[in-house]
Structure formats: C-alpha cells, structure tokens
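This report concerns only the one structure given below.
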Amino acid sequence: LKSRYCAADFGRAPISRSSNPGQGPRQFLMTAAEVEDDDDGSEVAAVQMLEGLGILLKVVSASEEQLEAASKWCDDMCIERVEDTWEVADEDEWEKFCEALQLEEKAANKLRTHLRGLKEGKFKLGEEAPRPPQRPPLPPLQQRLDDIVENGIEADRPELDFSDEALGDEGVQRLVKGLEGNSGLRRLRLHRCYLTPKGFAHVGQLLYEGGRIAASQGSFGKADGQQKAGGGGYADKLELLVLSGNDCSPKGPGRDFCDGLSMIVHLKSLSLAMCNLGDAGVTDLFEVLSLRDGGAKAACLLEELDISHNNLGPATARALVSVLGRNEHLRSLSIKANELGPEGADAMAKCLVANKGLLQRLDIAQNGFMLDGARMLLEAFVSPVTFAINIVRPSGQSTGATLSATLRVMGINPTSVLDQWNNNRPAEAVRAGDFVVRVNDKTSTKLILEELGSRAELEIVVNRPGAGLSYMDICYNGITNPGVEELRDEVGRPQGCSLQGSLLRWPGGRQVSMNAS
C-alpha cells in the first residue's frame with residue numbers, strides 16, 4: 001500500500017491511493033492514528049483505513065472519476081482535521097479542490113454542509129449523516145378504517161385525505177361511524193374514492209348530523225354567521241369537502257346529501273367536479289343553493305362551489321339565473337369544462353346581473369362560448385350593477401332611506417318599508433353606498449325626491465358602484481386571435497385596461513382571463 005500523508009502534528013489528513021486492485025478509490029483517506037517503528041527502524045504510519053473523504057463524496061454522489069481525482073489531491077490539502085472532526089481550512093484551496101473534482105455549486109455546498117455537520121458533532125466520520133425524518137408509510141386502507149371506527153381520530157387532527165383510495169360506499173359508511181364523536185375535523189378529501197349515490201347519501205348523513213349537533217349545542221348562529229362556544233360530533237366543524245371524481249349519476253348526489261348540505265353550518269367549500277352530474281343532477285343541489293334564511297329550511301352557507309367537468313349544458317346555465325339571484329353567500333363558482341355553449345353564455349351573463357355583485361370569482365373556461373358568447377359575458381362584467389325594487393309606501397310614511405344630495409343611500413331607518421323589503425329579500429337589499437338613479441319614470445334629482453314623497457307605488461332603480469366580479473376566466477372558448485383583439489378594443493381600451501398575456505386588468509384590481517383557442 002502506497003500512501004502520502006501530512007504529519008499528524010500538523011493536523012493534516014493524508015490522501016492515499018491504493019495499489020491493491022481490490023481497494024477501490026472510495027477508500028483513500030488515512031488518519032495518522034499512531035506512529036511506530038517497523039522492522040528496519042523507519043517511521044511508518046500505522047493507519048486506520050476509513051471511508052473518510054470517500055464517505056463525504058458519497059453525499060454528493062461523486063463518480064469514480066471524481067474520486068480518482070480526489071485521491072490525487074494530496075498537496076496543500078484544503079480539508080483540515082481538527083481533533084475528531086473536519087473543516088475547510090483554506091478557501092482558495094477549497095475552490096481548487098471542487099474545481100478538480102468538477103463539483104457543481106449545489107454539490108459543493110452540500111459537501112461543505114456535511115463537513116460543518118461533522119465539525120458541530122452532529123455525527124462522526126464513518127457514520128451516515130442524519131436524514132430528515134421520513135413520513136411512515138400509511139397502513140392498509142381497511143386497517144385505517146378499523147382504527148378510526150374503534151378509536152376515532154385525534155381531536156387536533158384537522159384533515160383526512162382518502163383521495164384515490166378504493167373507499168367505496170361501505171368504506172365511507174364506516175368512516176362516518178368513526179367520526180361520530182369528532183368535532184375537530186376541518187377538511188375531508190374523498191377525491192376519486194369510488195362512491196356512488198349510496199356513498200353520497202352516507203356523506204349527507206355526516207353533514208346532517210354534524211349540522212344538527214352544532215345547532216343543538218349552539219355552536220353557530222346561522223343568522224349572524226358568528227361561531228359560539230360548543231360543538232359535539234360528526235365533524236360538525238367541517239369547512240372543506242372534496243368529492244370530485246365520484247360518479248353520482250344519473251340523478252346527482254341525491255336528496256339525503258342535499259338535505260345534509262342545507263343543514264351543515266361551517267362548510268364553506270365543496271367540490272363536485274367530475275361527478276357526471278349532467279343537467280338533471282344539479283336540480284336538488286340548486287334548490288338548496290336557492291334557500292334563504294327565514295324559510296322552512298335555513299339558507300346554504302357555502303362560499304365556494306366547483307361543478308366543473310360535469311357534462312352541463314345551457315339548461316344548467318338558465319337554472320343558475322334564479323339560483324344566483326337568490327343566493328346571498330356564494331362567492332366563488334367554477335363551472336369550467338362543460339358544454340354551456342353560446343346559449344349558456346347568454347344565461348351566464350344574466351346570472352351576473354341577477355346576482356347583484358355578490359359573486360366574486362367565476363371560472364367558465366372551456367365551454368364553447370365562441371366570440372359572441374364571450375362578448376355578452378364581457379359586457380356584463382364591465383357593466384355597473386343595477387337593479388330595480390318595487391315597494392308600496394304607506395300613507396304618511398317615508399321609504400326609510402336617508403339620501404345625500406347626490407342620491408347616495410346613507411342609511412336605512414329601522415322598521416321602515418325599505419327595511420322590511422331588505423329583511424324579506426336580502427339578495428335584493430338596498431345598502432348604504434348605493435345610488436338611486438330612477439324612481440318610476442323620473443331621473444332628475446328634484447323629481448326623484450318629489451316622487452319618493454308623493455307616490456305610494458314606487459319602482460326604485462339602484463346603482464351599486466364598484467360591485468361585481470373581481471375575476472372571471474373565459475379562456476379556451478373558441479375565440480380566435482382577431483376575436484381577442486376585437487373584444488379588447490370593445491371593452492378593454494375604452495375602460496383604460498391593460499393586457500398582460502391572457503389577462504385583462506381594470507383599475508381597482510378587477511381581472512378577466514381570456515385567450516385565443
């Protein structure tokens with residue numbers, strides 16, 4: 001064995017090349033542990049062969065050629081032995097060392113971090129560097145379900161994810177049973193779990209029982225939306241539910257599921273994407289979304305709904321007009337990748353008018369609207385939110401609206417006729433900040449004020465500045481490049497908007513995503 005090394009007194013680590021074919025270049029770092037006399041009296045190092053620098057270079061997956069180059073790097077060694085650890089002794093030599101080994105910057109930094117770990121005593125030379133803790137593999141599905149049924153889930157565990165597992169209807173039934181005493185779950189993901197309408201009914205039971213328990217224990221006031229102390233079980237604090245990729249055709253998720261949806265009080269986000277709903281499958285769902293407070297059933301409090309990729313046609317878009325005209329809570333709707341077509345574009349434009357600016361995000365990409373359909377949607381997007389109400393003013397009473405000199409609504413008097421209108425029709429409520437722009441056929445300020453004080457039957461047209469969608473996606477709807485330019489000329493440039501990629505931006509942060517496809 002031939003070796004070259006620096007004396008231990010100087011704290012240098014020797015580098016050696018082995019002449020033994022059986023000794024590969026991964027074993028070449030020697031430590032001068034002790035010095036003895038051999039038979040002829042000369043000093044030789046009785047060395048302990050370590051993997052040494054070879055181990056360090058394994059950290060960066062060094063090739064045999066790189067290790068061979070390292071074995072030649074024996075003069076002016078840049079890695080210094082300090083007691084039982086190693087560190088970079090000379091920055092210039094370190095750069096030459098990395099260059100000789102052709103180590104990229106990322107690999108060199110990793111090697112240096114490893115050396116620092118040796119110096120800090122996190123591990124010893126010859127030991128593998130500690131690895132970050134790995135997540136243990138999940139046990140088999142049935143074992144997990146058995147554990148949930150027998151022991152429930154941890155009170156502080158906020159999420160369960162069974163996505164892409166063959167849970168099936170029986171599995172989700174057992175899961176619901178296991179959640180009977182749970183009040184800590186916030187997110188439940190059941191994407192593509194092979195559920196049928198029967199499985200949706202079991203999920204509906206979870207929602208219904210959770211909502212019933214929350215209401216009975218006073219954990220939530222649906223009228224004011226404020227959470228109170230309490231809670232009980234059946235995941236009554238659930239906020240997000242993902243059911244995408246499960247087939248609930250031909251009649252949709254079913255009455256049991258929709259009854260649970262109307263009962264649950266904390267659920268804010270629901271995904272029913274890729275559930276093969278079809279136009280017939282959204283009937284019960286839309287009925288729940290149309291509920292208002294004060295009726296036989298409480299209003300649905302969902303804020304985000306995804307019904308994309310569901311073979312929905314123009315009939316669904318037409319049905320949405322009345323739904324979005326009544327719903328007060330929905331803020332984000334995705335209905336992309338369906339078959340609404342140009343007829344559906346007309347209905348979706350009417351949805352924006354009927355909604356009166358409550359919805360904030362609408363994704364209707366990939367629906368075959370074509371140029372004319374996209375034009376109707378953009379016109380609805382840029383148009384101010386305007387709507388009419390019809391009230392009867394009792395003799396001797398005012399409408400109850402306090403108006404500024406510019407007919408801006410400053411407030412609504414309690415118990416007034418306008419206050420009663422707002423309570424009975426919250427989706428069409430007149431709010432502070434609205435402007436009265438017409439009363440019956442009068443449009444001037446003087447005549448409007450006279451009409452409000454003299455007529456009993458009043459049609460009041462209100463303008464709501466700044467309301468409307470903050471974001472709409474109409475990409476991939478069969479619009480050509482010239483069509484995109486035409487639409488931008490019609491609605492973009494006159495409004496002072498800018499085009500960045502496929503994004504049209506208006507002052508105030510409103511955006512439309514539109515491209516040629």
Side-chain angles (χ1 to χ4, degrees), residues 153 157-163 172 175-176 178-191 193 195 199-228 230-246 248 252-273 275 277 281-282 284-293 295 297-308 323-324 326-335 358-361:
I153 64 171
R157 184 174 181 179
E159 180 171 321
L160 275 179
D161 190 349
F162 285 92
S163 297
V172 79
L175 177 62
V176 170
L179 293 173
E180 182 175 349
N182 177 270
S183 190
L185 192 66
R186 297 295 190 272
R187 299 177 295 276
L188 179 58
R189 303 181 188 275
L190 302 175
H191 169 72
C193 284
L195 304 186
F200 277 82
H202 294 315
V203 176
Q205 178 193 357
L206 177 72
L207 301 181
Y208 188 89
E209 293 298 331
R212 182 185 60 79
I213 290 174
S216 66
Q217 297 198 2
S219 65
F220 194 87
K222 293 195 73 166
D224 57 13
Q226 298 299 316
Q227 185 174 345
K228 303 175 183 178
Y234 282 103
D236 57 304
K237 302 296 193 304
L238 192 66
E239 298 172 356
L240 178 143
L241 177 60
V242 177
L243 291 167
S244 53
N246 295 290
C248 60
R255 174 56 61 183
D256 290 340
F257 176 83
C258 291
D259 285 346
L261 189 60
S262 67
M263 193 71 175
I264 190 71
V265 294
H266 288 286
L267 189 66
K268 301 302 180 186
S269 180
L270 172 64
S271 175
L272 293 173
C275 285
L277 291 172
V282 297
D284 291 341
L285 177 65
F286 283 4
E287 182 181 331
V288 171
L289 293 174
S290 299
L291 294 174
R292 288 176 171 174
D293 284 318
K297 294 183 178 180
C300 177
L301 300 179
L302 270 183
E303 295 179 1
E304 300 176 1
L305 176 64
D306 185 354
I307 51 173
S308 57
V323 172
L324 293 180
R326 294 175 61 85
N327 187 282
E328 307 161 44
H329 302 282
L330 201 62
R331 297 294 179 265
S332 176
L333 174 64
S334 176
I335 192 170
L358 298 177
L359 194 69
Q360 293 299 298
R361 297 180 65 86

Among side-chain atoms of Ser269 and Glu304, is any donor-acceptor pair under 3.5 angstrom?
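Yes, Glu304 and Ser269 have a side-chain donor paired with an acceptor closer than 3.5 Å.
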Counting distance only, does the side-chain N/O of [X] pair as donor-acceptor with the main-chain N or O of [Y] below 3.5 Å?
X      : Y      : answer
Asp236 : Gly211 : no
Arg189 : His191 : no
Asn246 : Leu243 : yes
Arg186 : Gly184 : yes
Arg326 : Leu324 : no
Arg361 : Ser332 : no

Measuring only between side-chain heavy atoms, which start at C-beta, is [X] closer than 4.5 Å to [Y]?
X      : Y      : answer
Cys300 : Ser262 : no
Asp256 : Val203 : no
Leu301 : Lys268 : yes
Pro253 : Cys258 : yes
Asn327 : Leu291 : no
Asp306 : Leu270 : no
Leu207 : Tyr234 : no

Among Leu272, Leu277, Leu195, exactly one meets side chain to side chain contact (heavy atoms under 4.5 Å, CB included) together with Cys248. Which residue is that?
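For Cys248, the side chain to side chain contact (heavy atoms under 4.5 Å, CB included) check succeeds only for Leu277.
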Among Leu188, Leu241, Leu185, which one satisfies side chain to side chain contact (heavy atoms under 4.5 Å, CB included) with Leu206?
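So the option named by the test is Leu188.
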Separation of Leu179 CG from Glu209 CD (nearest 0.5 Å):
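Glu209 atom CD to Leu179 atom CG measures 12.5 Å (nearest 0.5 Å).
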Quick one: CD1 on Ile307 to CG on Leu333, what's the gap to the nearest 0.5 Å?
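Result: 5.5 Å between the selected atoms.
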Any salt bridge linking Arg255 with Glu287? Criterion: basic side-chain nitrogen under 4.0 Å from a carboxylate oxygen.
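Salt bridge between Arg255 and Glu287, a charged N being under 4.0 Å from a carboxylate O: yes.
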If you count the non-hydrogen atoms of other residues, nucleotides and ligands that lie under 6.0 Å from OH in Tyr208, is the total more than 12?
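Not more than 12 within 6.0 Å, no.
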